[in-house]
Student: 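Structure below; questions to follow.
Just so you know, ligand 1 is whichever comes first in the structure, and atom 1 is the first atom listed for that ligand. We use all heavy atoms of the structure for the numbers below, so side chains are in, but hydrogens, waters and symmetry mates are not.
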Amino acid sequence: MSIINCQLSILTMFTEEQFYQTGKRGSVEVICGSMFSGKTEELIRRLKRAQFARQKVEIFKPAIDTRYNEEGVVSHDMNSIACTPVENSGNILLLSSDIDVVGIDEAQFFDNGLIQVCNKLANQGIRVIVAGLDMDFKGNPFGPIPGLCAIAENVTKVHAICMECGQLANYSHRLIKNDKLVLLGEKEEYQPLCRTCYNRHKFCS
Ligand SMILES: [Zn+2]
């Protein structure tokens with residue numbers, strides 16, 4: 001058996017062993033897009049559906065995001081679901097024992113360790129659903145989101161509507177002059193734009 005075949009075989013055995021031990025299959029799902037694209041609403045929809053099926057759900061967000069309140073993922077339409085703020089991705093592993101579904105909101109603010117954390121949770125048979133911004137206000141890939149898209153079984157890219165032309169928007173344009181990457185904002189600070197309108201602002205203003 002070649003080294004590659006051997007490695008594949010070990011990987012397959014490991015996955016099957018996990019499956020038969022836990023009786024469930026773990027996976028990673030990513031919901032990503034710009035601001036005002038409905039990422040958190042989609043995360044809450046999937047988590048509430050799991051709760052309805054009596055699955056044990058745990059939700060985490062970075063402690064940095066305290067826009068609405070200390071506890072609870074709160075979506076823009078105030079449709080909320082209780083959650084735990086954590087300081088770093090490692091804390092999610094520690095707090096996820098005996099859980100069926102783990103939800104993570106605002107994942108772009110976590111460290112890159114989140115990628116391995118999600119892999120480990122999924123390997124333990126947990127369904128992991130991650131929501132976050134795929135690009136920062138400069139249009140660059142944001143934190144661990146690109147890596148999470150790479151390891152995920154399923155990636156859903158959601159879109160906002162461009163506030164200038166009405167096409168689908170995937171950029172978060174910052175309206176105020178501030179170069180800080182982490183700026184928690186709402187309607188006064190950001191607007192969703194399509195590529196054409198975003199580039200017009202970026203290069204013509
Ligand atoms: Zn536009």
Student: Within a 6.0 Å radius of atom CD on Gln51, are there more than 12 heavy atoms belonging to other residues, nucleotides or ligands?
Tutor: yes

Student: Which protein N, O or S atoms lie under 2.8 Å from the Zn ion (ligand 1)?
Tutor: Cys162 SG, Cys165 SG, Cys194 SG, Cys197 SG

Student: Quick one: is the NZ or CZ of Arg174 closer than 6.0 Å to the six-membered ring centre of Tyr190, and within 45° of its axis?
Tutor: no

Student: Is there any salt bridge (Lys or Arg N to Asp or Glu O under 4.0 Å) pair reaching into residues 125-135, and which pairs are they, with sequence neighbours excluded?
Tutor: Glu29-Arg127, Asp134-Lys157

Student: Check residues 146-153 and write down every donor-acceptor pair under 3.5 Å in which the side-chain atom is one partner and the other belongs to a residue at least two apart or another chain.
Tutor:
from   : atom 1 : to    : atom 2 : distance (Å)
Glu153 : OE1    : Val28 : N      : 2.9

Student: With no hydrogens and no angle check, do the side chains of Arg45 and Thr40 hold a donor and an acceptor under 3.5 Å apart?
Tutor: no

Student: Could you tell me which residues satisfy side chain to side chain donor-acceptor pair (under 3.5 Å) with Tyr198, sequence neighbours excluded, listed by chain and number?
Tutor: none

